[in-house]
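For reference, the structure discussed in these notes is given below.
Small disclaimer: the values here were computed from a predicted structure and weren't measured.
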Amino acid sequence: MKRRINILLVIPRYKVYGSSGHYVMPMGILYVSAFLKQKRVCMVHTLNLNHVAGDEYRALADFCHTNDIQVIGVGGLSGEYLDLARIVRYARSINPQMFIIVGGGIMTADPEVTMQAFDDADCGIIGEGEQTSLELLQALSDDKSLTTIKGIIFRKNGILERTPPRSEIMDLDSLPFPDYEGFNYQTYLEQNPDLSDEGKKYSQVSVIGGRSCKYNCTFCFHPSGTKYRQRSLDSIFSEIDYLVSHYDISYIALREELFATDNERVRAFCQRMEKYNVDWSIQLRIDSIDQELVDILKITRCRYVFVGVESANDKVLKSMRKGITRCQIERALEMLRTAGLKSRSGVIFGDSEETYDAARSTLQWYLQNRKRYQLFADMIISFPGSVLYKRACKSGIIPDPVQFLKDGCPVVNVSKMNDEDFKRLIKDIEKINNRQYNVKYYIDR
């Protein structure tokens, strides 16, 4: 018998971002919400707890009781486990019969491990969530088996059952714009202004121009699949038109790692951006930066160019599968600087081929160039799903993947450094970043 499902899609009150209240809007759940509302297979409710006053549990419980919620969906990245797990735990306490779904990168990266970590979750969505969520809710509404739904993992009689993977959504233009209104986007913009180098506050929005990446850097994981896909410029600018007409926008962050696969696409984008009274930023690969591209960008209101540097050691770069060299890095960064384009990039330490001497050499390069090129420095994290994570699990460096996720994915030593040198390096990086951590936590577990 078909029944009407009331689903609540929740963004937790983020605590991992610190006491300032600043957080980055998770766009994945906004896309899923918009898609489900468009299809009208269920009653979709949304709740962004970052903008709800009072006790978080009470706010969630009151909403669920008032709206007769039978299904709750949450999602995010692996580093957000504690915040997501708190909502899952609350949901089970509010209603023992609640059907709880977890999606996003945290689930896609290592589904079996993640379901063990979320022991109150009923189902996990693996990969892109739009079509999978739709079919899952249709099955729940019709009280049908979940075994035919591709791209999920669920508990059946206490045992985890995983279905075959779902193919990526190839036509990104077919998807509706994110459900901005459903998650208090206006309040988000007002409470999370971006601050420029000159102290100017920006009302910043993110526009996703593509999904996934055709590269496979060892420290990276792409939850939206392995096939790189781009939206058309018409689709992107339709969304920009919507945003500037509904919100007071002063800055657009174009979130697409490989936007500049074609200089003519970038040229067309820049020309179409001229009519908007906004600054914007772009993400580029080092090996895509040439003089033609720089000349296109330098006469626009492109505020930042985000690029991946990662290391100043060619052996380490090769180990990371970056496909670039130190010479290319220096040439690209200098090209951007000379053109007056502000770049943002960083170096990360602890690759599997990195020795202490190699790390010190890169650190010296960083200290010499950090102001010139606006660099940051940090340690590599072996995030679930990445090559480094899989190596660390296989070798026993991460002996308990479930506990690793619950611990917030701490830094572990996958490098060629001994633990003492690794600790010394961490102390140097923490000093640079003015952070105080218990270094013992990283290694001596």
Side-chain angles (χ1 to χ4, degrees), residues 5-34 36-37 42-107 114-125 129 133 137 178-193 204 206 384 402-403 405-410:
I5 296 288
N6 285 323
I7 182 174
L8 174 61
L9 299 177
V10 183
I11 295 179
R13 186 176 295 169
Y14 289 114
K15 297 182 179 180
V16 295
Y17 293 96
S19 59
S20 66
H22 181 81
Y23 70 100
V24 177
M25 183 67 78
M27 300 302 291
I29 198 167
L30 273 67
Y31 268 104
V32 170
S33 178
L36 293 177
K37 286 181 177 180
C42 60
M43 181 61 69
V44 181
H45 301 265
T46 54
L47 181 62
N48 187 342
L49 288 163
N50 295 280
H51 307 298
V52 177
D55 179 74
E56 185 183 34
Y57 175 85
R58 191 70 265 154
L60 182 62
D62 288 347
F63 193 100
C64 289
H65 294 319
T66 301
N67 296 282
D68 188 27
I69 301 299
Q70 301 107 27
V71 180
I72 277 186
V74 296
L77 301 176
S78 297
E80 298 163 348
Y81 169 80
L82 292 175
D83 290 325
L84 299 172
R86 192 174 63 253
I87 299 303
V88 170
R89 187 172 66 252
Y90 288 170
R92 182 60 67 218
S93 174
I94 291 166
N95 180 1
Q97 303 305 313
M98 188 81 74
F99 191 87
I100 303 171
I101 306 168
V102 178
I106 189 171
M107 184 60 66
T114 305
M115 285 295 286
Q116 291 177 60
F118 288 104
D119 52 8
D120 278 324
D122 296 292
C123 183
I125 292 179
S133 297
L137 289 166
D179 182 12
Y180 294 104
E181 281 72 30
F183 293 92
N184 309 99
Y185 208 71
Q186 180 60 47
T187 306
Y188 168 75
L189 293 175
E190 293 169 355
Q191 295 183 1
N192 292 270
Q204 174 182 328
S206 298
V402 174
Q403 190 60 47
L405 184 61
K406 289 183 175 182
D407 286 341
C409 304

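Thr114 and Tyr81 form no side-chain donor-acceptor contact under 3.5 Å, judged by distance and modelled atom types alone.
Of all non-hydrogen atoms in Leu84 and Gly75, the two that sit nearest each other are CD2-O, 3.5 Å. Taking each heavy atom of His45 and Ile69 in turn, the nearest pair found is CD2-CD1, 3.6 Å. Between Ser93 and Tyr57, the shortest heavy-atom distance links the atoms OG-OH, 3.2 Å. Pro178 and Met27 make their closest contact through CG-CE, 3.7 Å (heavy atoms, listed as atom of the first residue, atom of the second, distance). The shortest heavy-atom contact between Ala59 and Leu49 is CB-CD2, 4.0 Å. Nearest heavy atom pair, residue Thr46 against residue Phe63, reads O-CZ, 3.9 Å.
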Review point. Does the salt bridge (charged side-chain N to carboxylate O under 4.0 Å, His left out) test come out yes or no for Asp179 and Lys37, once each step is laid out?
Key: CA-CA 9 Å; Asp179 182 12; Lys37 286 181 177 180; 2.7 Å; yes

Review point. Can Val102 and Ile125 be said to form a side chain to side chain contact (heavy atoms under 4.5 Å, CB included), step by step?
Key: CA-CA 6 Å; Val102 178; Ile125 292 179; over 6 Å; no

Exercise for review: Starting from the C-alpha separation in whole Å, work towards a yes-or-no answer on side chain to side chain contact (heavy atoms under 4.5 Å, CB included) for Leu8 and Val71.
Suggested key: CA-CA 6 Å; Leu8 174 61; Val71 180; over 6 Å; no

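Residues satisfying the side chain to side chain donor-acceptor pair (under 3.5 Å) test with Ser78, not counting sequence neighbours, are none. Tyr185 pairs by the side chain to side chain donor-acceptor pair (under 3.5 Å) definition with nothing, not counting sequence neighbours. Partners of Asn48 according to the side-chain contact (heavy atoms from CB on, under 4.5 Å) rule, which considers only residues two or more places apart in sequence or in another chain, are Ile11, Tyr23, Met25, Asn50, His51, Phe183, Asn184. Arg89 meets the salt bridge (charged side-chain N to carboxylate O under 4.0 Å, His left out) test with no other residue; sequence neighbours excluded.
Note that the CD1 atom of Ile7 and the OG atom of Ser33 stand 9.0 Å from one another [nearest 0.5 Å]. Atoms SG and CG, from Cys64 and Leu60 in turn, are 4.5 Å apart once rounded to the nearest 0.5 Å. Atom-to-atom distance recorded for Ile5:CD1 and Gln70:CD is 5.0 Å, nearest 0.5 angstrom. Atoms OH and CE, from Tyr90 and Met98 in turn, are 14.5 Å apart once rounded to the nearest 0.5 Å.
Within the structure, salt bridge (Lys or Arg N to Asp or Glu O under 4.0 Å) pairs that include any residue of residues 61-76 comprise Arg58-Asp62 (at least two apart or interchain).
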Tabulate below the donor-acceptor pairs under 3.5 Å that side-chain atoms of residues 115-123 make, not counting sequence neighbours, or state none.
residue: Gln116; atom: NE2; partner: Glu112; partner atom: O; Å: 3.4
residue: Asp122; atom: OD2; partner: Arg92; partner atom: NH2; Å: 2.9
residue: Asp122; atom: OD2; partner: Ile100; partner atom: N; Å: 2.8

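At least one side-chain heavy atom of Tyr14 sits under 4.5 Å from a side-chain heavy atom of Pro26.
Considering Ile29, Ile72, Leu47 as possible partners of Leu9, the one that fulfils the side-chain contact (heavy atoms from CB on, under 4.5 Å) test is Ile29.
Although no hydrogens or angles enter the test, the distance criterion places a donor-acceptor pair under 3.5 Å between the side chain of Glu56 and the main chain of Arg13. Checked by atom type and distance alone, the side chain of Asp83 pairs as donor or acceptor with a backbone atom of Lys15 at under 3.5 Å. Under a 3.5 Å cut-off, the side chain of Asn95 and the backbone N or O of Gln97 do form a donor-acceptor pair.
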